[in-house]
Asker: 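Supplied in structure tokens, the structure appears directly below.
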Amino acid sequence: MMIDEKLYRHLLDETYARVDRAFEDVDPDLAEVTISQGALTVLFDGKQRLMLTPQPSPRQLWVAFSVQAWHFDWDDARGAWLDDRGLGIELLALIEKTTREAVGAEIKIAGGKGAA
């Protein structure tokens, strides 16, 4: 079931705010978050980028890092963005893992229904 535009925008805003907050205590030389023109970018170590880009037509959130890309749909039952290939990849866990692997920084992005 596709979510409506208003809910989609709300979920994007909340997700971006949670990701941004998770990086507040990370050294900006290791990882820095910027939000511009609807996209959220995490710049790792001044060179690698993790990008979150909204896709309004399918109501998805697309993510790219290095040579990989994922498409996420909102799963209301789990209260989370889950990959559209059914692999069980959850967006916030992916960002935590990517950050740990890219620069060794541990971040925690609160998850679960109601946290958004």
Asker: Glu101 and Lys97: side-chain contact (heavy atoms from CB on, under 4.5 Å), yes or no, with the steps?
Answerer: CA-CA 6 Å; Glu101 291 174 357; Lys97 179 179 183 244; 3.1 Å; yes
Asker: First locate atom CD of Gln60, then atom CG of Asp73, and finally report the distance between them rounded to the nearest 0.5 Å.
Answerer: 4.5 Å
Asker: With ring pair (Phe, Tyr, Trp, His ring centres under 6.0 Å) as the rule and sequence neighbours excluded, what pairs involving residues 11-35 come up?
Answerer: none
Asker: What's the separation between atom CG in Leu11 and atom CH2 in Trp74, rounded to the nearest 0.5 Å?
Answerer: 5.0 Å
Asker: What ring pair (Phe, Tyr, Trp, His ring centres under 6.0 Å) pairs are there with at least one residue in residues 87-108, not counting sequence neighbours?
Answerer: none
Asker: Once you round to the nearest 0.5 Å, how far does CG of Asp25 lie from NZ of Lys108?
Answerer: 15.5 Å
Asker: From Glu32 CD over to Asp45 CG, what is the distance, rounded to the nearest 0.5 angstrom?
Answerer: 12.0 Å
Asker: Quick one: side chain to side chain donor-acceptor pair (under 3.5 Å) partners of Asp13, sequence neighbours excluded?
Answerer: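 None.
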Asker: Keeping to residues at least two apart or across chains, list the salt bridge (charged side-chain N to carboxylate O under 4.0 Å, His left out) pairs with something in residues 54-66.
Answerer: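 Passing the test, one end in residues 54-66: Glu5-Arg59.
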Asker: Evaluate side-chain contact (heavy atoms from CB on, under 4.5 Å) for Leu12 paired with Leu61, printing each intermediate quantity in order.
Answerer: CA-CA 8 Å; Leu12 286 176; Leu61 185 54; 3.6 Å; yes
Asker: Name every donor-acceptor pair, under 3.5 Å, that has one atom in a side chain of residues 47-58 and the other anywhere in the protein, sequence neighbours excluded.
Answerer:
none

Asker: Could you see if Leu94 belongs to whatever hydrophobic cluster contains Val42? Use Ile, Leu, Val, Met, Phe, Trp, Tyr and a side-chain cutoff under 4.5 Å.
Answerer: yes
Asker: Are the side chains of Leu40 and Val33 in touch, meaning some heavy atoms are under 4.5 Å apart?
Answerer: yes
Asker: Give the minimum heavy-atom separation between Leu30 and Val103, together with the two atoms involved.
Answerer: O-CG1, 3.4 Å
Asker: Are Ile35 and Val26 co-members of a hydrophobic cluster defined by side-chain heavy atoms under 4.5 Å apart?
Answerer: yes
Asker: Does the side chain of Phe72 reach to within under 4.5 Å of the side chain of Val63, using non-hydrogen atoms?
Answerer: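 In short, these two side chains touch, coming nearer than 4.5 Å.
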Asker: Are the side chain of Asp83 and the backbone of Ile89 linked by a donor-acceptor contact shorter than 3.5 Å?
Answerer: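 Checked: pair present.
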Asker: Let me check something: do Leu82 and Leu87 share a hydrophobic cluster, defined by ILVMFWY side-chain heavy atoms less than 4.5 Å apart, either directly or through other members?
Answerer: no
Asker: At their closest point, which heavy atom of Ala22 faces which heavy atom of Ile109, and how far apart are they?
Answerer: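 That would be CB-CG1, 3.5 Å.
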Asker: Scan for ring pair (Phe, Tyr, Trp, His ring centres under 6.0 Å) pairs involving residues 30-62, sequence neighbours excluded, and state none if there are none.
Answerer: Phe44-Phe65, Trp62-His71
Asker: More than 12 foreign heavy atoms under 6.0 Å from CG of Asp4: is that the case here?
Answerer: yes
